[in-house]
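So the structure is just underneath, and the comments pick up after that.
Below, chain A is the first sequence line, B the second, and so on; all start at residue 1. Below, all heavy atoms of this structure are taken into account, side chains as well, without hydrogens, waters or symmetry copies.
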Amino acid sequence: MEPLLLESKALLRKELREAVARAQEAGRLPRLFVEEIEIETPKDRAHGDLATNLALVLAKAAKMPPRKVAEIIVAELTPTEPILRVETAGPGFINFFFPPSWREEAIRRAIAQGADYGRTAVLAGQRIQVEFVSANPVGPLNVVNARAGALGDSLARILAFAGAVVEREYYINDHGVQVSLLGRSVEARCRELRGETVVFPPEGYQGAYVYDLAREFLAEAPADFWTRPEEERVEICREFALARILARQRADLESYGIRYDRWFSERDLHRSGEVQRVFQSLAAAGHVYEEDGAKWLRTTSFGDDKNRVLLTADGRPTYLLADIAYHLDKLARGYDRIIDIWGPDHHGHVIRMKAALAAAGADPGRLEVLIAQQVNLLREGRPVKMSKRAGEFVTLRELVDEVGNDAARFYFLLRSAESHLDFDLSLAVACSNENPVYYVQYAHARVASIMRQAAAEGMTEDATLLRFPAGKLGLPEEMDLADRVAAFPEVAAMAALWREPHRLTGYLMDLAGAFHAYYNQHRVLTEDRTLAHARLALVRAVQITIANGLNLLGVSAPERM
RNA sequence: GCGCCUGUAGCUCAGCGGAUAGAGCAGCUGCCUUCUAAGCAGCCGGCCGCAGGUUCGAUCCCUGCCAGGCGCGCCA
């Protein structure tokens, strides 16, 4: 079922185009090219339910004042079914008004579709992969990972709701110096726990979790461990720590409500020879040169501001080379789009990655990168210090333990991804109006409460609500609520097209606000049985919309609070 | 120096090129015998960083400045 609002807009576009054509036919408007006709929802209800700037756009080419153009178009317009009235207004807008029956239809569609209400087909036929979090497996996930997690998971839900086939992927950077440093750090702590005085690796990981790993390892260390040479001990420790950390990251993400379709190991790319093959093909394409013993990729030919090393002077592949291989692998898997969510420390890498893909002959336009910007963690308005190397930081796990999944996810999705975010822990736990997530959930729970109250009277089944009497709803607040419900599919579709989950949080807060105001002002379960029936249908439609919206954010919709 | 992100109410931030720029918090004033007060109503609060440009129309697009953050390794 096509969403009502989108359906009505499409119809209007068609009728406007025909009206312009007729006016041109009759010689009342000059022949001119009409592009995509914009239909918007005016902020002010007095300006209609829908409006178009068509006359303003055409005025210059038509060499006529905009209002005149608007009047000519309106004169040719024979509005059908959903349109009650048409007017010209302001500098030359054409405004359209719907009858109350349009809103009743919007309510019926929401109830009829239930959990599917808001689904669209705007991304139908597209395969999209979202890769997010992908933290180095050298320690616990932090708050930026938590933000990226909320963002990626919500985006994946939103894309799927808009008709795309979506896959979630986690890239494991289990190759290279970072993980071997982890091995050294754990091995050093093992010796330390054994009573040796050790020189800790200078760049090693200082966090307390490294001691924990060392203790866990020693509890089950192979009998001959200490007889092995240091390099072997480091390797054994590295593999142990890697497995433990990955398992913990996966568990933390799952309890945060995130599951992946695929965990992709960087090692596999090296082992399979894929990394070398990619290097060979870049070299064969003539984009590689040698300097100071290293092999460089000429990314400047593709828009980068400097060239990048692919193979170091001692022959090791760089992170970039492996990352090119990884992205080529993803593209070769046939996704129409691959969306990466990177941390703030990687935002400078977008251009070089796209340049490198172009050098490899791939279409860089198929890669979209979203940056999950930094999170300033506050408590009581004062900054909480975070430094991974010093080992003092707040983990995703600690955050979720303190504020809960719903508050954490909603809070992260309140802002656009690229804005720097202040996250005040003391606000996120507050059970008060300072905390927006409860505001929205409370609206849902309040409807549930009304439904429980009405259950005795046998009016709460959706099939029954669907048959609510026409003509009973007419209050401005009721029209407003119905309009907001009707707008949901389009909001969800826009969130998908623009990759902006935060549109949903804003929408939901507005919808919840309109509901709370209505709830305080008007009683749903009135003496008038038919009126109560119609109002129940309205608030049920609101409840379904809120539940579906929260679900897209990965936030629960409680029946009571 | 170069690149990316951000400058909107006291604070944190929304705002698809449209009509009178919004919300929450903070401050002030009211509302619980009625479906949940985690709520509602009202007041206070704005050179939309600055200057040009494009446009019928700019908070939004372009250019240049200014300010803040981050990145700029043959680490990841």
Side-chain angles (χ1 to χ4, degrees), chain A residues 38 40-44 46-47 51 53 55-57 59-60 65-66 89-93 95 135-136 138 173 175-179 181 203 266 291-296 304-306 308-316 318-320 322-323 343-352 371 373-374 376 378 381 414-424 427 430-443 445-454 490 494 497-498 502-503 505-507 509-510 512-513 515-521 523-526 532 535-536 539 560-561:
Chain A
E38 280 181 55
E40 58 160 22
T41 305
K43 274 177 280 186
D44 188 338
H47 296 141
N53 61 358
L56 291 154
V57 175
K60 191 170 191 184
F93 289 102
N95 298 336
N136 281 334
V138 294
N173 295 120
H175 180 96
V177 298
Q178 306 281 345
V179 282
L181 199 53
E203 297 286 310
E266 182 185 351
E291 189 178 305
D292 301 332
K295 304 286 196 302
W296 297 68
D304 201 0
D305 59 347
K306 56 175 110 161
R308 310 290 169 176
V309 172
L310 293 178
L311 289 179
T312 64
D314 52 6
R316 288 176 297 113
T318 60
Y319 168 80
L320 178 66
D323 221 18
D345 49 338
H346 285 71
H347 71 225
H349 297 219
V350 179
I351 291 172
R352 83 186 58 158
I371 301 298
Q373 268 297 352
Q374 66 186 84
N376 300 315
L378 309 174
L414 222 39
R415 314 299 183 208
S416 63
E418 68 270 20
S419 77
H420 300 196
L421 177 72
D422 282 356
F423 193 124
D424 195 317
L427 288 188
C431 287
S432 74
N433 45 6
E434 293 175 61
N435 195 336
V437 65
Y438 296 124
Y439 186 77
V440 177
Q441 289 181 319
Y442 188 44
R446 268 183 156 174
V447 177
S449 174
I450 295 172
M451 290 296 159
R452 284 193 294 273
Q453 200 77 25
E490 196 173 5
M494 288 300 167
L497 289 171
W498 294 343
H502 80 277
R503 298 199 165 266
T505 47
Y507 166 81
M509 286 167 64
D510 289 345
F515 169 77
H516 287 309
Y518 177 66
Y519 177 95
N520 268 67
Q521 210 176 336
R523 219 183 138 72
V524 173
L525 301 174
T526 57
R535 288 185 171 174
L536 271 173
V539 299
R560 53 182 94 228
M561 291 171 74

Set out, line by line, the N/O atom pairs under 3.5 Å between protein and nucleotides 61-69 of chain B.
| unit_1 | atom_1 | unit_2 | atom_2 | d |
| --- | --- | --- | --- | --- |
| G69(B) | O2' | Q374(A) | OE1 | 2.5 |

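- For D305(A), the salt bridge (Lys or Arg N to Asp or Glu O under 4.0 Å) test picks out R308(A), with sequence neighbours left out.
- To the nearest angstrom, P of A41(B) lies 14 Å from OH of Y519(A).
- In this view, R523(A) satisfies the side chain to side chain donor-acceptor pair (under 3.5 Å) rule with no residue, not counting sequence neighbours.
- Rounded to whole Å, the distance from CZ on R446(A) to C1' on G39(B) is 4 Å.
- To the nearest angstrom, P of G7(B) lies 13 Å from CG of D422(A).
- One donor-acceptor pair, N or O on each side, does fall under 3.5 Å between the base of A76(B) and the side chain of H349(A).
- For R503(A), the salt bridge (Lys or Arg N to Asp or Glu O under 4.0 Å) partners are E500(A), not counting sequence neighbours.
- Atom CD in E418(A) sits about 8 Å away from atom P in A14(B), given to the nearest Å.
- Mapping R308(A) and Y319(A) onto RNA chain B by nearest heavy atom places R308(A) at the nucleotide closer to the 5' end.
- Comparing U12(B) with C75(B), their P atoms sit 39 Å apart, to the nearest whole Å.
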With 3.5 Å as the limit, what N/O pairs link the protein to nucleotides 16-18 of chain B?
| unit_1 | atom_1 | unit_2 | atom_2 | d |
| --- | --- | --- | --- | --- |
| G18(B) | N7 | N53(A) | ND2 | 3.0 |
| G18(B) | O6 | N53(A) | ND2 | 3.3 |

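- Distance, R560(A) CZ to A38(B) P: 15 Å, rounded to whole Å.
- In RNA chain B, stems built from 3 or more consecutive Watson-Crick or G-U wobble pairs, each with both distances under 3.5 Å, span B:1-7 with B:66-72, B:10-13 with B:22-25, B:27-31 with B:39-43, B:49-53 with B:61-65.
- Across all strands, E291(A) comes closer than 4.0 Å to base atoms (heavy-atom distances).
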